[in-house]
Amino acid sequence: MQMTNDTDLIIFGAAGDLANRKLFPALYRLHCAGLLEENVRIMALARAELSTDDFVQGLLKSLRQMLDTSELDDVQWQAFSRRLHYLSMDFGEQAHYANFNQWLQSQRVAIYYLATPPSLFGSICGHLHSTGCVDDRARVVLEKPIGQDLVSSRHVNDTVGGYFDERNIYRIDHYLGKETVQNLLALRFANRVINSQWDNSCIDHVQITAAETVGIEGRWGYYDSVGQLRDMVQNHLLQLLCMVAMEPPNSLEADEIRAEKVKLLRALRPITSETVLESAIRGQYSAGWIKDQPVVGYMQEEGSQDSSSNTETFVALRAYVDNWRWAGVPFYLRTGKRMREKVTQVVIAYKDNPHTIFPGRQPTVGNKLVIRLQPNEGIQLEMVSKKQSLKEPLSLEKQVLNLDFFADASESRIADAYERLFLEVINGNQWLFVSRDEIEVSWRWCDSLLDAWQDKDVAVKPYGAGSSGPSKAEILIEKDQRSWYEG
Ligand code: BG6
């Protein structure tokens, strides 16, 4: 790990939604926590003609909306704002990069954060390179999506790779920055009691759910050409699957972890035209209620231009990992917008005992390990225990062992993913970023599913906003004599 304290963070797209909602709040919090080295400078780049002062005032307004009032301390803010610089720039104009270059200082490490539409990645990197802003220490951070399929992702990677070495390219999957996702590594690889039973001899099946209550949040233009498989499964859910199912890496070095993830993704059995109808469900929300408020259906969302859109806002699927450890264990993945509640969790459902000595008294539930990523971050182990009772000599009941990360944390809140990710980029550590190979293997798998849906002309199944998704998703798992964990 390379520690450096002479770093410039350069945010392209500094006026955008991501920068306002995630990037600047994360940087401000790192600053307040004393984790941003003193001479880290932050350059905000956007098109609007503003002075640095104007930008700083605007940012303060936006932070007031994003942070708790207790977090905005005047002394801290004054110190933070002294790090900030602003330059108005048309990212497509090479001449503007020459102005920017004058601000850079050659002895410092430049980190370019591209919070822009991916269509600009190539030209921004090209201009940076041709105007002398890229040396062999400069890093570039790319937001998703990296392409919309294997071919287009290769194009993005080839283009960016023409200017930056792979060891300097940081592809964000913000799920990898979540505290609880990293905790999966600790859970699996620091606990003998867990890792000794982490395979098909003990585990019946795995469920990974990422349900959201939000809709498409005004992003029709982006979302309608993408859909939930590309927006959530190709990246976040498959990354979670990797963390759950990959083999133990030799160490925590980025290359070791990434190699294990690639191996796992390669073992994912493709869903093809022959298997798609029984393996994967697409849904789309119609009008309904979320937290007692009426919400419109997908087709009526702001910006909607296609009243017959067949874009999915929900996906449920059954996947298999064809390797020694997981042979025969189904992985059920489910994600959707406008679902009943926001929850991201992994459920490990263990097999029943081969024989019971408690006839008629066993609770019907088997052991389940529930890893809750958000909200209420924590781990619960559902166990069977004896009921305390003299009348019923050996009656059993379900009990839950509870590990609440938040209650046990010494910090007053769980850090946002972007705080962790910024620190890792500044420290030059790629372990929480996605390699080119991972991107390509996961796109290959998703492409197969997308092709199969197209080949079979699979229409989206409607589900009411505020529900648990289309009934077909229940049927998918119930056919296997299992059910979604609604704990
Ligand atoms: C983003 C998707 O990558 O992740 C959004 O583009 C989605 O559609 C978001 O809402 C979910 O992130 P989180 O951290 O709220 O689970």
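The model shown is predicted, which means the values in this text are computed figures rather than measured ones. In listed order, ligands and their atoms are each counted from 1.
- Ring geometry, Tyr113 versus Phe422: the interplanar angle falls from 30° to 60°, so the pair is classed tilted.
- Under 4.0 Å is where a charged nitrogen must lie from a carboxylate oxygen, and between Arg258 and Glu253 no such pair does.
- Ion pairing between a basic and an acidic side chain is recognised when a charged N comes within 4.0 Å of a carboxylate O; Glu247 and Lys263 show no such pairing.
- Among all protein heavy atoms, the one lying closest to atom 11 (C) of ligand 1 is Glu212 OE1, 3.5 Å.
- Of all atoms in ligand 1, numbered sequentially from 1 with element shown, those under 4.0 Å from a heavy atom of Lys144 are 1 (C), 2 (C), 3 (O), 6 (O).
- Taking every heavy atom of Lys337 and a limit of under 4.0 angstrom, the matching atoms of ligand 1 come to 5 (C), 7 (C), 8 (O), 10 (O).
- Assignment of Tyr175 to the shell around ligand 1 is supported, since a heavy atom sits closer than 4.0 Å.
- Of all protein heavy atoms, the one lying nearest to atom 12 (O) of ligand 1 is His174 NE2, 3.1 Å.
- A salt bridge is defined here as a Lys NZ or Arg NE, NH1 or NH2 lying under 4.0 Å from an Asp or Glu carboxylate O, and Arg29 with Glu71 meets this definition.
- The two residues His236 and Lys144 have their closest heavy-atom pair at CE1-CD, 3.9 Å.
- Checking only distances, Glu217 never comes within under 3.5 Å of ligand 1, N or O to N or O.
- Numbered from 1 in the order shown, with element, the atoms of ligand 1 that lie under 4.0 Å from a heavy atom of Asp231 read 2 (C), 5 (C), 6 (O), 8 (O).
- Residue-to-ligand polar distances keep Tyr222 apart from ligand 1: every N/O pair is separated by 3.5 Å or more.
- The protein heavy-atom contact nearest to atom 3 (O) of ligand 1 is His236 NE2, 2.7 Å.
- Every atom of ligand 1 with a heavy atom of Lys342 under 4.0 Å away is listed here by number and element: 13 (P), 15 (O), 16 (O).
- Taking only non-hydrogen atoms, the option from Gln374, Lys178, Gln228 nearest to atom 14 (O) of ligand 1 is Lys178.
- With Tyr332 as the fixed residue, the side chain to side chain donor-acceptor pair (under 3.5 Å) test singles out one of Arg482, Gln207, His205: Arg482.
- Put simply, the side chain of Arg325 gets close to the backbone of Trp198: a donor and an acceptor are under 3.5 Å apart.
- When each of Tyr418, Trp77, Phe55 is paired with Phe24, the ring-ring contact (aromatic ring centres under 6.0 Å, His included) condition holds for Phe55 and for no other.
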